[in-house]
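Down below is the structure, laid out as structure tokens.
Residue indices begin at 1 and follow the sequence shown.
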Amino acid sequence: MISRQTTGIKLINIFRFLKNKRGGLPNFKYPDNFSAPSRFAEAIARRGGKGKLSFAWMLIRKTFAALGRVEKTLVFLLLLALLASSAKLTYNFWLARTILVPTNGGTLTEGIIGNPRYINPLFSQAKDADTDLAKLIFSSLFTPGQNGEIKPDLVQEYDISEDKKTYTIKIKNNVFWHDHENDQLTQESDKILTADDILYTIKAIQNPNYKSSLRGNLAGVESEKIDDWTIKLSLRSPYEPFLQNLTFGILPSHIWRYINSENTPLAQYNVQPIGSGPYIFDTLTKDANGNIVSLTLKKNNEYYGEKPLIEKLAFKFFDNQNSLLAAINSGLIDATAYISEEKEAEIARPDIKKYNFKTPGYFAVFFNQEKAKILTEKNVRLAINYLTDKDKLISAALKNNGQKTETPLPPTLKEYNTQTKVYAFDLPYANTILTNSGWALGENGARTKEFKKETVPPPIGSNIKIKEEKENIPLEFTLTTSDSPELKKSAEVLKEQWQKGGINVRLNILNADEMQSVIRNRDYEALLFGEILSVTPDPFIFWHSSEIKAPGLNLALYSNKDTDKILEELRQTFDAGKKMELLAAFQAQIVDDAPAVFLFNRYLGYWAKTSIEGMETKIIVLPADRFASVKTWSLVKKRIWDGKWKFLNF
């Protein structure tokens, strides 16, 4: 151990060295006790550490003053390098022992085409803007997961009776309404979501006066309150996909029970909603015409589940894709799900990334054999299938943003039957089928066939004989579809492909309102349209004969007793293996009858800036389901200590 006296002697020797080396330190007066090392050391000892530091600092200053200009520069550079090296080593140490993790904060601004009107679970299904916002604001009994599977949301636990007709559901007891701090709410039961709110919402959906599009999902379902946190739902017959019908948002009865059905569409809560979901309504802005042009949601810090990381979600609303594209290219918005494949190339921001979500839906051409008699011929329907080049169709109309499908279940589902017959593109074979069926190809490239001319029969008892006449019927029909860019382009491609087989196709392109009327009245010969299933598929409403008329969605007006039996049994089967068998048989039967041309399963795109992380959703049923993983999305990150250094995190 070095003594204080030894330290003093060493310091004196340094001064002597400098004095001999440079003729003494300039302007430096040596202490009187310099010649007495022991006395000097004792003086340092008496002053303690402070004396050491003061003397050391004096020594450093005087030494630096004794240096020349070049030497001072070198010393400065060496000190600078030492500091830089120390900082680099410290930084590398910090990087090596810390990790980046998502944290709270930030605002994500998304662009939507259309203006919200009914952010209300009773009516929001009619408009994408309403559905998107309702998804974030309202909670539901069950909700789609990141892979489209149905999982509990408000539900704590549930039980299905042995006969599969009664569902007893217990909900969580810590779910607060967004307005629970409102002083006007005097009853505690009005501040927290209870069984009363769920029963109110169910009865409102079932009430025909509200005209909710969800009414059919709960038809015949009886609801009963067991206690404040438990309800019982009773079905007339077993229905295996029933939980899928319980994904609607729950309304706060303490607000809506005072508003009658006639005034419900006019209530301010349709655009300033109160829910219990992960985000709370914050602000909105309207233009001079009263249209909502922007709306902001803020994070619900008292959310009962995993709390979201992004602090605010801001939505801006646009009339068309051109104005939306201008906004995203100028940096006004950060994300959107409303860009078509046709316009995708116009996005000019390098920090925008596209996410593709798979869907359990498909697009097809449905044949209405009651409107177009030529389509009653199975060989004509088969030929049209063989004339369809799906690969080229997907490339031209979707920019390869999809995959072809061969059955009434899309390939995104595990129940998709890969063993089903496939109508691969084969132009020569299609022409052979038509020619052998009597459809002659004329010089103009169009096909016709001779049929017995329909005549009015003579009166009963009359001796009048009507001469049998024949007429040539052209092989032609009208293809109806919507004016969305992808479907319009698809219809044009199909027309071109089918004309190569001598089929004349007229196109009928309609807007959304016109399409609804045409579908409701089944006023089409062939319809290019899409059908959306769920991850647990129930194709009953699309293919059972009881769904031929509206509001059913049997768009091909398809009727087959064997298929009906399969679909009926499927709804009451809870055994997974048996369900797979039934769905395979269903697909095989439909494909064999060829009531439609199954085309493609389209991906849903979402364009967002690359700084957004945590988008884990892969399969969605509706565009709004992109928010299934919104609670894991993040815009901001922070570093935290990892491993044995975790104790440094505060």
Side-chain angles (χ1 to χ4, degrees), residues 112-115 117 124-132 213 318-325 336-344 357 359-368 371-372 375 384 388 390 393-399 401-402 404-405 408 410 477-498 505-533 541-542 547 550-557 595-605 620-624:
I112 293 176
I113 293 180
N115 302 96
R117 185 179 179 187
S124 60
Q125 296 76 27
K127 231 178 181 184
D128 285 340
D130 292 332
T131 309
D132 289 349
S213 60
F318 303 88
D319 293 330
N320 51 60
Q321 283 197 70
N322 291 332
S323 57
L324 177 63
L325 278 166
T336 184
Y338 291 80
I339 299 292
S340 66
E341 282 73 20
E342 186 180 42
K343 293 284 188 178
E344 182 181 351
F357 299 124
T359 65
Y362 62 88
F363 286 82
V365 174
F366 302 95
F367 299 130
N368 185 347
K371 286 286 185 179
L375 296 175
I384 294 173
T388 305
K390 299 176 186 179
L393 173 65
I394 293 170
S395 174
L398 302 183
K399 309 299 181 187
N401 188 44
K404 60 184 177 182
T405 184
F477 58 87
T478 300
L479 177 61
T480 300
T481 194
S482 77
D483 57 1
S484 72
E486 291 83 3
L487 290 184
K488 183 179 178 181
K489 181 64 177 178
S490 296
E492 293 170 352
V493 172
L494 291 173
K495 176 180 178 178
E496 182 181 345
Q497 291 182 356
W498 295 346
V505 180
R506 302 177 295 268
L507 298 183
N508 183 28
I509 311 298
L510 306 175
N511 61 37
D513 292 334
E514 292 170 331
M515 280 291 289
Q516 287 185 13
S517 175
V518 165
I519 291 173
R520 183 172 56 252
N521 298 319
R522 304 295 195 256
D523 189 18
Y524 52 83
E525 294 181 333
L527 179 72
L528 172 54
F529 201 64
E531 293 183 333
I532 300 176
L533 293 88
I541 62 171
F542 302 117
E547 304 294 323
L553 292 174
N554 187 342
L555 303 180
L557 285 69
V597 181
F598 300 102
L599 300 173
F600 51 76
N601 163 253
R602 179 191 168 196
Y603 304 142
L604 287 179
I620 62 177
V621 178
L622 300 173

Distance-only donor-acceptor check, side chains Thr131 and Asp128, under 3.5 Å: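 No pair is found: no donor N or O on one side chain lies under 3.5 Å from an acceptor on the other.
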Modelled atom types, side-chain donor and acceptor of Lys127 and Asn115, under 3.5 Å: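 Result is no, nothing qualifies.
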Quick one: salt bridge (charged side-chain N to carboxylate O under 4.0 Å, His left out) partners of [X], sequence neighbours excluded?
X      : answer
Lys404 : Asp391
Asp130 : none
Glu531 : none

ring-ring contact (aromatic ring centres under 6.0 Å, His included) partners of Phe600, counting only residues at least two apart: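 Expected list: Phe363.
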Under the ring-ring contact (aromatic ring centres under 6.0 Å, His included) test, residues paired with Tyr524 that sit two or more places apart: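 Residues passing ring-ring contact (aromatic ring centres under 6.0 Å, His included) with Tyr524: none at all.
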Leu479 backbone acceptor or donor facing Asn508 side chain under 3.5 Å: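 No.
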Inter- and intrachain pairs under salt bridge (charged side-chain N to carboxylate O under 4.0 Å, His left out), touching residues 513-522, at least two apart: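 Found none.
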Carboxylate-amine/guanidinium contact Arg602 Glu341, below 4.0 Å: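 Looking at Arg602 and Glu341, the cut-off is met.
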Test of ring centre spacing under 6.0 Å for Tyr362 and Phe598: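 Yes, the ring of Tyr362 comes within the 6.0 Å limit of the ring of Phe598, centre to centre.
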Within 6.0 angstrom of Lys495 NZ, more than 12 heavy atoms from elsewhere: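 Result for NZ/Lys495: enclosed.
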Side-chain heavy atoms of Thr388 within contact of Leu599, under 4.5 Å: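 Touching, per the 4.5 Å side-chain cut-off.
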